[in-house]
Structures are given as structure tokens and as C-alpha cells.
Amino acid sequence: MKQIIAIYPGSFDPVTNGHLDLIQRASRLFNELIVAIARNPDKDAALFDLEERKEMLVAMTQDWSNVSVESFEGLLVNYVISRNANVVLRGIRAVSDYEFELQMALMNRKIDQRVETVFMLPAEKYSYLSSRIVREIAYLGGPLTGFVPELVEQRLRQKVQAKKA
Ligand code: PNS
């Protein structure tokens, strides 16, 4: 039977419970799942640097034996092919995600026809969750329980404190 290696790309700045829900679902579906953190060309735009984002993701995915965490630079399709993967996995939370995801999936397939995108839905309770909103709540001192793992909450609090100091 064909081995399906899926790549789950994203910024993961930071990883949320919505990402982890999707990773768990996908780990049951694909033979191998590589969570791939995009190296942002504009380094200052991210709250956590690449190593910090990777460390949190590795810690939170260590129980799933077919899941690994990597980072990539440049075009996603080039990275997908270099890892012998067949599938790009993306989560769709609401209709509002669809337009951008459609554009990305079709563009990726146009650039390289071997790359197929598979969309999955996270649990409904995470449908309004995003890293951007989590960063904002953290910055404003709001509650984060249930949105991110405890480790990520601690890191967010530390980061915000350091930024405000
Ligand atoms: O978590 P995000 O920010 O929604 O992830 C977006 C990401 C990293 C998947 C996307 O920006 C991407 O694939 N970047 C790599 C560069 C690339 O291939 N761009 C063309 C996409 S059509």
C-alpha cells in the first residue's frame, strides 16, 4: 500500500490547541506527518523565534510516534517534494478561511502538480481560535486556559513580560 507522507505547514506562532487537535486527527490518517514551521523572511514579525516555536511543538507532539517537527525556508512545494511527501495538510476553521486556502492550494498545485492539498476541520470548539488572537489575549493579560497547552501559556506570559519590561 502507498505510504502517505503529509506536511502540515504553518507559522505556529505559537502552537494552539486547535493546531494540536488537527495534528492528532491527521496522525491517525497519514502514515507520517511532518509539522513544518515556515521560516518567516521578516524575522521581527514573529513573537517567538523559530527555535522556540519548534521546541514547543516538539514537546506537545512527542506522544505521537508518526509525527515529527521540522522547519523550512522558501517555497512550500519545493520543501514538500524534497521530503518525498505527497500531501499538504491545512486546517479550515470557517468559511472565511476558505478563500485564502483555495488560492494557496491551487497555486501550489499549479507550481507543482504532484502536490495535493488536503483540508481537515478542527473540533468546533477551536473554530474561533488562532495564534494571532492568542498572542493578542496574552499581550492584554487575558485568560489562555483551554486555548493553548500549559507550557505555551507559560512561554507566552514570559515573552509578554519580557517585551513590556
Ligand atoms: O500559519 P500560516 O501563517 O497560515 O501559514 C502560511 C504558510 C506558511 C503555510 C504559507 O505562507 C506558505 O506556504 N509559505 C511558504 C512560502 C510559499 O510557498 N508561498 C507560496 C504559497 S502559494
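First listed ligand is number 1; within each ligand, the first listed atom is number 1. Keep in mind that the numbers below use all heavy atoms, side chains included, and drop hydrogens, waters and symmetry copies.
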Using a 4.5 Å side-chain heavy-atom cut-off and chaining through intermediate ILVMFWY residues, the residues clustered with L106 come out as I92, Y98, L102, F119, L121

Notebook entry, point to check: Any donor and acceptor pair, going by atom type alone, linking the side chain of N17 with main-chain N or O of G146 inside 3.5 Å?
Noted result: yes

Please check: side-chain N/O of R93 versus main-chain N/O of L129, any donor-acceptor pairing under 3.5 Å?
yes

field: R90, any N or O under 3.5 Å of ligand 1 N or O
entry: yes

Should L76 be counted as touching ligand 1, given the test is an N or O pair under 3.5 Å? yes

- Where do R83 and I7 land on the side chain to side chain contact (heavy atoms under 4.5 Å, CB included) test, with the steps shown first? CA-CA 9 Å; R83 302 302 287 113; I7 305 277; 4.1 Å; yes

Here the gap from F12 atom CZ to M60 atom CE, rounded to the nearest 0.5 Å, amounts to 14.0 Å

Touching ligand 1 at all, G74? Heavy atoms, strictly under 4.0 Å? yes

(message) Any heavy atom of Y79 closer to ligand 1 than 4.0 angstrom?
(response) no

Closest non-hydrogen protein atom to [atom], residue and atom name please, with distance?
atom                    : value
atom 11 (O) of ligand 1 : M104 SD, 4.5 Å
atom 14 (N) of ligand 1 : F72 CZ, 4.5 Å
atom 19 (N) of ligand 1 : L75 CD2, 4.2 Å

Q) Any protein heavy atom sitting closer than 4.0 Å to atom 8 (C) of ligand 1? A) yes

To atom 3 (O) of ligand 1, the nearest of G91, G10, S11 on a heavy-atom basis is S11

A38 heavy atoms within 4.0 Å reach ligand 1 at atoms 8 (C)

In ligand 1, the atoms that come under 4.0 Å of a heavy atom of N108 are 21 (C), 22 (S)

Next item on the list: Might you work through the side chain to side chain contact (heavy atoms under 4.5 Å, CB included) test for V58 and Q62, ending with a clear yes or no?
Entry: CA-CA 6 Å; V58 167; Q62 61 185 0; 5.6 Å; no

Give me the ring orientation class for F147 and Y128: parallel if the planes are under 30° apart, tilted from 30 to 60°, perpendicular past 60°.
perpendicular

_Set out, in order, the CA-CA distance, both residues' side-chain angles and the distance that settles side chain to side chain contact (heavy atoms under 4.5 Å, CB included) for E52 and R155, then state yes or no._
CA-CA 9 Å; E52 292 172 316; R155 297 289 164 86; 5.9 Å; no

